[in-house]
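Each ligand, and each atom within it, is numbered from 1 in the order the structure gives. For this chain, numbers begin at 1 and follow the sequence in order. No hydrogens, no waters, no symmetry mates; every other heavy atom, side chains included, goes into these values. Predicted, not measured: the structure shown is a model, and the values here were computed from it.
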Amino acid sequence: MHPVRVRSIHNRPQQQGPVVYWMHRELRAADNWALIHARELAAERGQPLCVVVCLARRFGLAACPHFAFLVHGLRETARALTTLGIPLALLRGEPGRAVPEFVRSVRAGLLLTDADPTRPKRQWLAEALPRLDLPVLEVDGRNIVPARAASDKREYMARTLRPKIQRLLPEFLDEFPVLPHQADAQTVPWTTPLPRPDWDALAREFGPPPAAFPPGEAAARARLGAFLAQGLPRYADDRNTPVAPAGSLLSPYLHFGQVSAQRVALSVLAARDIPPEARDGFLEQLIVRRELAENFCLHTPDYDTPAAFPAWARATLEKHSRDPRPHLASEAELLAGETPDPLWNAAQRQLLATGHMHGWLRMYWAKQVLLWSPDAATALERCLRLNDGLSLDGREVNGYAGLAWSIGGVHDRPWPERAVFGTVRSMTFSGARRKFDVAALVERWGGGRADRRQGKLP
Ligand SMILES: Cc1cc2nc3c(=O)[nH]c(=O)nc-3n(C[C@H](O)[C@H](O)[C@H](O)COP(=O)(O)OP(=O)(O)OC[C@H]3O[C@@H](n4cnc5c(N)ncnc54)[C@H](O)[C@@H]3O)c2cc1C
């Protein structure tokens, strides 16, 4: 593994004892740099390795379908780890306390964990580190070019990050090594029995996973295979067409770490007969845009507030804050997808029914909420609750960057001035009609009763 992927976040004297990998973002056995590194360090030290996952009581606005997706996927990951001789311990409770207790109970000598700049994960670490008296390493297994290596500051836009990523990509876009079997793991006595998950009880507790997205590493690979065959060849032409879209639909799997973006990129590069503009267009989203979102959250502590917007956007939104709104939407209207705009309703109903909304619609959807809210702060807060609470891929840096782009001009530039938006880029119903068959989309999602399986927003 490239040494830049790993950094020490808790400098304590080296100790004897098992190696523990606290997995919370990259929830997979395959193609996982933190797991690979943990395995190497355990072998060097002649110590056993175990993986620990802690299911928090609450995670932001995550609801039952999100936990179900996680738990069902994790069950498969635990099986894959077992075949590698690596046990998985599952904890419940507050991770910042439960993980240090676990680490103490097994007398671990070294802890590794996933890098993640989002606030709940920062809080977990802030609580955990003072309770830990062993070295802790953080591994960036999410980004192909590790976020801290790509840039040490908040990038202005994709144009400024792209050359930095492109320069470093050959160094990092390499094949994963095969993870060797941990032959002696079962024979090394753990000081206490590891807490084994009761998967059936968890499945009953969280219910079935969302029908539109079967969870797990195998399902992610199947979806990738289908995309390479059917979506990727026409990605350049149809990516932004919400009717018969060409997108990969991999975002929930990427968000829960059930597939590695590096594996997706390697598979795309190995695919045959793909038009170069389709391949490059997809890699731009998967690598540059996705890693730009990580850069945004890593270097912007208030990434989910208007304080994260650039000064020009804050000023123009303030200047237009008293502009009359064409409509003031209520929370209930938004949640149910019952606004006066049939396209917006179709987008919201797709989200309610499937836990997913097409990428182009997401931009339009967030911008209309700005138009119908008393101010930008309220619009952002409403979109965050809807996106994080209903989208399977929500609570993700891509979402925070996408909302900040749509409402607050982050990673964008000023556009001609309009009511309410000021110089933040606007999107209109008539613009959508020129782009794709709006009536077909409305017929697909807008006619029927919304499926509320995703549950109510908290
Ligand atoms: C308002 C708004 C909210 C969004 N919320 C989320 C969210 O909660 N979670 C999420 O993963 N993405 C979010 N996005 C980004 C993007 O819309 C989705 O990643 C994409 O639509 C997912 O569908 P896909 O997997 O078919 O994408 P594809 O087009 O197949 O792209 C492949 C992967 O590249 C990444 N990607 C694609 N577009 C972007 C982008 N614009 N920014 C960053 N990464 C990107 C995603 O990981 C995606 O799965 C949001 C965008 C906007 C404008």
**OP:** Would you tell me which option among V259, L384, N398 has the nearest heavy-atom contact to atom 46 (C) of ligand 1?
**Re:** N398

**OP:** Could you establish whether G394 and ligand 1 come within less than 4.0 Å of each other, counting only heavy atoms on the residue side?
**Re:** yes

Original post:
Hey, does L249 come in under 3.5 Å of ligand 1, counting only N/O atoms on both sides?
Top reply: yes

Original post:
ligand 1 versus E396, non-hydrogen atoms closer than 4.0 Å: side chain, backbone, both, neither?
Top reply: side chain

Original post:
By number and element, which atoms of ligand 1 are closer than 4.0 Å to a non-hydrogen atom of G359?
Top reply: 17 (O), 21 (O)

Subject >> Considering all heavy atoms, the nearest N345-G337 contact >> reply: CG-O, 2.9 Å

Original post:
Salt bridge between E381 and R385, side-chain N to carboxylate O under 4.0 Å?
Top reply: yes

Original post:
For S391, is the nearest heavy atom under 4.0 Å from an atom of ligand 1?
Top reply: no

**OP:** Report yes or no: does a heavy atom of W365 sit under 4.0 Å from some atom of ligand 1?
**Re:** no

Original post:
What residue and heavy atom of the protein are closest to atom 41 (N) of ligand 1, and at what distance?
Top reply: Q285 OE1, 3.9 Å

Original post:
Quick one: nearest non-hydrogen protein atom to atom 22 (C) of ligand 1, plus distance?
Top reply: S251 OG, 3.4 Å

Original post:
Does R263 pair with E175 as a salt bridge, N-O distance under 4.0 Å?
Top reply: yes

Subject >> Smallest separation among heavy atoms of L370 and I407, with atom names >> reply: CD2-O, 4.0 Å

Subject >> Nearest protein heavy atom with distance in Å, relative to atom 13 (C) of ligand 1 >> reply: R362 NH1, 3.3 Å

**OP:** May I ask you to identify, for D393, whether its side chain, its backbone, both or neither come under 4.0 Å of ligand 1 on a heavy-atom basis?
**Re:** both

Original post:
Any idea which part of F227 is under 4.0 Å from ligand 1, heavy-atom wise: side chain, backbone, both or neither?
Top reply: neither

Original post:
When you check the gap from the basic side-chain N to the acidic O, do R5 and E26 get nearer than 4.0 Å?
Top reply: no

Subject >> Stepwise side chain to side chain contact (heavy atoms under 4.5 Å, CB included) test for V410 and R154 >> reply: CA-CA 11 Å; V410 166; R154 172 167 156 180; 3.7 Å; yes

Subject >> For atom 29 (O) of ligand 1, closest protein heavy-atom neighbour >> reply: Y235 OH, 2.6 Å

Original post:
Does NZ or CZ of R119 fall inside the cone over Y303's six-membered ring, less than 6.0 Å from its centre and within 45° of the axis?
Top reply: yes

**OP:** Under 4.0 Å, heavy atoms only, figure out whether ligand 1 is touched by the backbone of N387, its side chain, both or neither.
**Re:** side chain

Original post:
Between H356 and ligand 1, which residue portion shows a heavy-atom distance shorter than 4.0 Å: side chain, backbone, both, or neither?
Top reply: side chain

Original post:
What do the steps show when you test R444 against V243 for side chain to side chain contact (heavy atoms under 4.5 Å, CB included), and what is the final call?
Top reply: CA-CA 9 Å; R444 170 73 184 87; V243 186; over 6 Å; no

**OP:** State plainly whether the residues D116 and K121 are in salt-bridge range, i.e. N to O under 4.0 Å.
**Re:** yes

Subject >> Sidechain N-carboxylate O distance under 4.0 Å for E217, R79 >> reply: no

Original post:
Of the protein's non-hydrogen atoms, which lies at the shortest distance from atom 53 (C) of ligand 1, and what is that distance?
Top reply: M363 CG, 3.5 Å

